[in-house]
Peer 1: 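I have a structure I would like to understand better, so I am pasting it below and will then ask my questions one at a time.
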Amino acid sequence: MNFKEYIRDVQDFPKQGIVFKDITPLLNNAEILEKTTDALLNLVKEQKIDKVVGMESRGFFFATLLATKLKAGFVPVRKKGKLPFNVLSKPYSLEYGEDALEIHTDAIKKGDKVLIHDDVLATGGTAKAVCELIEELGGEVVQCNFLIELDFLNGKDKIANYNVDSLLHY
Ligand SMILES: O=P(O)(O)OC[C@H]1O[C@H](OP(=O)(O)OP(=O)(O)O)[C@H](O)[C@@H]1O
Ligand SMILES: Nc1ncnc2[nH]cnc12
């Protein structure tokens, strides 16, 4: 299955000089959506997962699908000011900006085995911040799972202490 056929490059979005990987054609196709979910699930193998954490907003799509298949809970990590309850917050930077990421303090229990999923690993700033949030709440990051890894940005180096698995590499 050539998933890359369903990922569109958009030049200069959201800023000049960025080549944006648009996954909406892949989400739009029922057969490819299901096959992509299964392929991401295959990366997880037999590990026991208690929670799947997805990053706002494109991480939410497959993180929730993976959570149902793994019989795990889903936890959203959101950008500053969006979550309504008590939050743990972490500043971070990404390929085209910076902000803070937040997680509800009761979302992860001590010892929870956590799978992180996001659509894109670029510089790794987002993923690193999320790993730190989970560990500060007492969770164990079992795998960082991505649909797309932009190898030339070396995001893997920022999360070198974790198991990183990506379906597609550019
Ligand atoms: O590896 P990094 O350089 O940190 O970049 C990766 C992050 O950038 C994108 O999210 P974005 O902040 O654009 O949010 P969105 O999903 O809401 O579009 C992407 O979905 C990842 O979360
Ligand atoms: N080039 C890119 N395309 C899509 N999402 C991204 N997140 C960070 N860099 C990105």
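Here the structure is a predicted model, which is why all the values come from computation and not from measurement. Remember, it's 1-based here, ligands and their atoms both numbered in the order they're listed.
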Peer 1: Show me the donor-acceptor pairs, under 3.5 Å and distance only, between side chains in residues 85-94 and residues at least two apart or in other chains.
Peer 2:
unit_1, atom_1, unit_2, atom_2, d
Ser89, OG, Glu102, OE2, 3.2
Lys90, NZ, Glu136, OE2, 2.7

Peer 1: What's the shortest distance from atom 6 (C) of ligand 1 to any protein heavy atom, and which residue and atom give it?
Peer 2: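 The closest one turns out to be Val120 O, 3.4 Å.
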Peer 1: To the nearest 0.1 Å, how far is atom 17 (O) of ligand 1 from its closest protein heavy atom, and which atom is that?
Peer 2: Ser57 OG, 2.8 Å
Peer 1: Under a 4.0 angstrom heavy-atom cut-off, which atoms of ligand 1 come close to Thr123?
Peer 2: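 Ligand 1 atoms under the 4.0 Å threshold to Thr123: 1 (O), 2 (P), 3 (O), 4 (O).
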Peer 1: Under a 4.0 Å N-O cut-off, is there an ion pair linking Asp99 with Lys79?
Peer 2: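 Salt bridge absent between Asp99 and Lys79.
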Peer 1: Taking only heavy atoms of Asp119 into account, list the atoms of ligand 1 that are under 4.0 Å away from them.
Peer 2: 19 (C), 20 (O)
Peer 1: Taking Lys69 first and then Asp38, would you say they form a salt bridge - that is, a charged N and a carboxylate O separated by under 4.0 Å?
Peer 2: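 Looking at Asp38 together with Lys69, the answer is yes, because their closest N to O distance falls below 4.0 Å.
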Peer 1: At what distance is the nearest protein heavy atom to atom 10 (O) of ligand 1, and which residue and atom is it?
Peer 2: Arg58 NH2, 3.5 Å
Peer 1: Salt bridge or not between Asp112 and Lys51? Use side-chain N to carboxylate O under 4.0 Å.
Peer 2: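 Result for this pair is yes, salt bridge flagged.
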Peer 1: Does the ring centre of Phe74 sit less than 6.0 Å away from the ring centre of Phe60?
Peer 2: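 Ring centres of Phe74 and Phe60 closer than 6.0 Å.
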Peer 1: Tabulate distances under 3.5 Å between N/O atoms of ligand 2 and N/O atoms of the protein, writing both atom names on each line.
Peer 2:
unit_1, atom_1, unit_2, atom_2, d
ligand 2, 1 (N), Val19, O, 2.9
ligand 2, 1 (N), Glu95, OE1, 3.1
ligand 2, 3 (N), Lys21, N, 2.9
ligand 2, 5 (N), Arg58, NH1, 3.1
ligand 2, 7 (N), Tyr96, OH, 3.2
ligand 2, 9 (N), Glu95, OE1, 2.4

Peer 1: Can you tell if the side chain of Glu149 reaches within under 4.5 Å of the side chain of Val120, non-hydrogen atoms only?
Peer 2: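 No, side chains not in contact.
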Peer 1: Is the NZ or CZ atom of Lys4 both under 6.0 Å from the centre of the six-membered ring of Tyr170 and within 45° of that ring's axis?
Peer 2: yes
Peer 1: Any non-hydrogen atom of Lys79 lying under 4.0 Å from ligand 1?
Peer 2: yes
Peer 1: Could you tell me whether Tyr96 and ligand 1 have an N or O pair separated by under 3.5 Å?
Peer 2: yes
Peer 1: Any nitrogen or oxygen of Met55, side chain or backbone, less than 3.5 Å from one on ligand 1?
Peer 2: no
Peer 1: What protein heavy atom sits nearest atom 8 (O) of ligand 1, and how far off is it?
Peer 2: Leu94 CD1, 3.2 Å
Peer 1: Counting heavy atoms only, which part of Asp118 comes closer than 4.0 Å to ligand 1: side chain, backbone, both or neither?
Peer 2: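 Just the side chain.
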Peer 1: Show the atoms of ligand 1 that are less than 4.0 angstrom away from any heavy atom in Thr126.
Peer 2: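 So the answer, numbered in order with elements, is 2 (P), 4 (O), 5 (O), 6 (C), 7 (C), 22 (O).
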Peer 1: Go through ligand 1 atom by atom and flag the ones less than 4.0 Å from a non-hydrogen atom of Glu95.
Peer 2: 3 (O)
Peer 1: Tyr162: what forms a side-chain contact (heavy atoms from CB on, under 4.5 Å) with it, not counting sequence neighbours?
Peer 2: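 Per chain and number, Tyr162 pairs via side-chain contact (heavy atoms from CB on, under 4.5 Å) with Cys131, Glu135, Val141, Cys144, Ile159.
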Peer 1: Do any heavy atoms of Gly124 fall under 4.0 Å from ligand 1?
Peer 2: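 Judged by the 4.0 Å heavy-atom criterion, Gly124 does count as contacting ligand 1.
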Peer 1: How close do His117 and Phe62 get, counting heavy atoms only, and between which atoms?
Peer 2: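 Closest heavy-atom pair between His117 and Phe62: NE2-CB, 3.4 Å.
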Peer 1: If we check side chain to side chain contact (heavy atoms under 4.5 Å, CB included) with Leu40, which of these qualifies: Val44, Thr37, Thr36?
Peer 2: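 Single side chain to side chain contact (heavy atoms under 4.5 Å, CB included) partner of Leu40 among Val44, Thr37, Thr36: Thr36.
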Peer 1: What residue pairs, at least two apart or across chains, pass side chain to side chain donor-acceptor pair (under 3.5 Å) with a residue in residues 118-128?
Peer 2: Arg58-Asp119, Lys128-Glu132
